[in-house]
Asks: 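Just passing along the structure, written as structure tokens.
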Amino acid sequence: MPPTLASLVHHSALKLTVRAGKDRLDVPVRWAHVSELADPVPYMEGGELLLITALQLDAEDPEAMRRYVKRLVGAGVVGLGFAVGVNYEEIPRALVDAAEGEGLPLLEVPRRTPFLAISKAVSAEIAADQYRAVTAGFAAQRELTKQALTGGPEGVLSALAAQVDGWAALYDASGAVVATAPEWAGRRAGRLTADVERLRERPAPASSVVAAPDNEDRVELHSLGTGRRPRAALAVGTAAALGTAERYAVHSAIALLTLTTERSRSLHAAEQRIGAAVLRMLLAGEPDHARTVAGHLYGELLDAPFRLIIAESAARPAADAGGDPLAGLAEIMESAAARAGEAVLVVPEGERLVVLAADGGAAVTACGEYAAAVEAGRGGADAVRDAAGGEEDELVVGVSAPVGPIAAAAAYKQAEQALSVARRRGRVFVGHEQLAAGSVLPLLADDAVKAFADGLLRALYEHDATGRGDLVASLRAWLSRHGQWDAAAADLGVHRHTLRYRMRRVEEILGRSLDDPDVRMELWLALKATSAE
């Protein structure tokens, strides 16, 4: 504890007597300062015990003393020490009344007690308090280090919560709560997800102080990791601001958890290299070798149906280069899999990300939710980027159907097909199942398809432009009725012989037989492509 007015009053060598403000002696004293100025306020920082002899004060003037004491209180002075037997034999009544009126503790200093003795006592207590804090801080460091070696991150959190007499929580790279201490703090930690997300957007190291929901605690948030993008975050909740010893404990916890995070980062890189080897073997048609290399790390992933996911980030000029959608997707999927106890294989390939994840598992679900969130926010984000005159990376994701290890190469092709369709349709996420459920007609919007259609039908359009018949409309009606003459003629309002004549003219002009199903298919798609313009 820092020195207080009460501890100075109880100091046997100082012989101080309280003349006013007896109920306010528990305030900390930051320093003892001597000043005989009529207005010492410009030289005060707050928290001082001011020592005077009233050499330049009219201490018997009630109005002057009220103004003097009021200014001291406003400047944060916590107490006034008045030396008797120097200029006044006793403290004037005007000063006592003013101090009582403002609630400022007034201490009588006997003549035999020099101000220097009071300053030394304050300094000694401050030094002792700092020594206690440093000693407690080192003890906390030893305990936290011990817990880091034996109990891991959970042990560090438990020791930290005990040291600060509060609670602590660890968040992963996605902002989800990984662990808390004590366990009851889980709900409080979960309410701070939005604050953790904002902290993660800032370059590491970063920290902030937030008020917990319902004003339950004062919470400090700290990013963890040595890279530009934080790998994790630490929350520390306490009832009041941290003291020196508690601050040592928090800094130690940050260092230890950062070391743990960076070590995990190295292990993660090694796991990715193994994952890349497993993926190459699967795509090469060697599932047995892949299973051997996968071992316990990815073995369970190959024992059940999985989905192969390919994500791409179309690199474009960016006003804000801080965002990396592929890294964000990888973090989301890995965090979701870790929380669910699933294995997930993530292999970065330049501007691509290849992922093997359990069918119906948390990682696949997280991928879909992340893509949906990106797509939902793309409109507003585009408007902001356009206004700023820049763009940023776009995320495109293709997902295969559920397969086993033997069909990994086929799944890769399925994911690439889904990715291609997603890119063509301007979608963020397309699953292989959606390809069969959709329509081929949107694909006809391709410029090459339109050019082919225009070339195929140009002669018919030129014929119709001369006013010698309506061959294009007749062809469309006949094809839509699957070559049924009577039905198509009725649709056109002409005799079926007239329609037969027109179809012969179509064959003559195009030099193709309508009896060929491939020709009919090409003509129908060409009509659809030109009508979509």
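For the numbers below, each heavy atom of this structure counts, side chains included, while hydrogens, waters and symmetry mates do not. The residues of the chain are indexed from 1 along the displayed sequence. Computed from a predicted structure; not experimentally measured.
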Asks: Is a side-chain donor or acceptor of Ser313 paired with a backbone partner of Leu326 at a separation under 3.5 angstrom?
Replies: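 Answer holds: no.
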Asks: Is the backbone N or O of Ile254 less than 3.5 Å from a side-chain atom of Thr258, with the two atoms forming a donor-acceptor pair by type?
Replies: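 Checked: pair present.
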Asks: Please determine whether the number of non-hydrogen atoms from other residues, nucleotides or ligands lying under 6.0 Å from atom CD of Glu183 exceeds 12.
Replies: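 Open.
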Asks: Test your reading of the model: is there a side-chain donor-acceptor pair from Arg352 to the backbone of Ala311, 3.5 Å cut-off?
Replies: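 Checking the backbone N and O of Ala311 against the side chain of Arg352, no donor-acceptor pair under 3.5 Å is found.
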Asks: Evaluate the side-chain hydrogen bond (donor to acceptor under 3.5 Å, both in side chains) criterion for residues Glu220 and Ser207: first the C-alpha distance (whole Å), next the side-chain angles of each, then the deciding distance (0.1 Å), finally the verdict.
Replies: CA-CA 7 Å; Glu220 288 191 6; Ser207 62; over 6 Å; no
Asks: Can you confirm whether Glu90 is buried at CD, in the sense that more than 12 heavy atoms of other residues, nucleotides or ligands lie under 6.0 Å from that atom?
Replies: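 For Glu90, atom CD is not crowded (no more than 12 foreign heavy atoms under 6.0 Å).
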Asks: Quick check: does any side chain N or O of Ser7 sit under 3.5 Å from a backbone N or O of Pro3, one acting as donor and the other as acceptor?
Replies: no
Asks: Taking side chain to side chain contact (heavy atoms under 4.5 Å, CB included) as the definition, give me every residue that meets it alongside Ala181, ordered by chain and number, with sequence neighbours left out.
Replies: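 Testing Ala181 for side chain to side chain contact (heavy atoms under 4.5 Å, CB included), a comparison that skips the adjacent residues, returns Leu157, Ser158, Ala161.
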Asks: Are the side chain of Thr193 and the backbone N or O of Gly190 linked by a donor-acceptor pair below 3.5 Å?
Replies: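 Looks like yes, one N/O pair under 3.5 Å.
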Asks: Can you tell me if Glu48 uses its side chain to pair, donor with acceptor, with the backbone of Gly46 under 3.5 Å?
Replies: yes
Asks: Using side-chain heavy atoms (C-beta onward) and a distance below 4.5 Å, is Leu160 in contact with Leu234?
Replies: yes
Asks: Taking all atoms of both residues into account, what is the closest heavy-atom pair of Tyr68 and Leu50, and its distance?
Replies: OH-CD2, 3.6 Å
Asks: Has the side chain of Asp217 got a donor or acceptor atom that lies under 3.5 Å from a matching backbone atom of Val219?
Replies: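 Not a single qualifying donor-acceptor pair exists.
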Asks: Flag the pair Arg93 and Glu60 as a salt bridge only when some basic side-chain nitrogen lies within less than 4.0 angstrom of an acidic carboxylate oxygen.
Replies: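 Salt bridge absent between Arg93 and Glu60.
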Asks: I'd like to know if the side chain of Glu342 and the backbone of Ala362 have a donor-acceptor N/O pair within less than 3.5 Å.
Replies: yes
Asks: Taking Arg19 for its side chain and Glu108 for its backbone only, find out whether a donor-acceptor pair lies under 3.5 Å.
Replies: no
Asks: Looking only at atom types and distance, does a side-chain atom of Tyr171 sit under 3.5 Å from a main-chain N or O of Ala189, one as donor and one as acceptor?
Replies: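 A pair under 3.5 Å: yes.
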Asks: Would Thr238 and Glu246 count as having a side-chain donor-acceptor pair, cut-off 3.5 Å?
Replies: no
Asks: Going by atom types alone, do Thr53 and Glu36 pair a side-chain donor with an acceptor below 3.5 Å?
Replies: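 Side chains of Thr53 and Glu36: pair found under 3.5 Å.
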Asks: State whether the number of non-hydrogen atoms from other residues, nucleotides or ligands found under 6.0 Å of Glu45 atom CD is greater than 12.
Replies: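 No.
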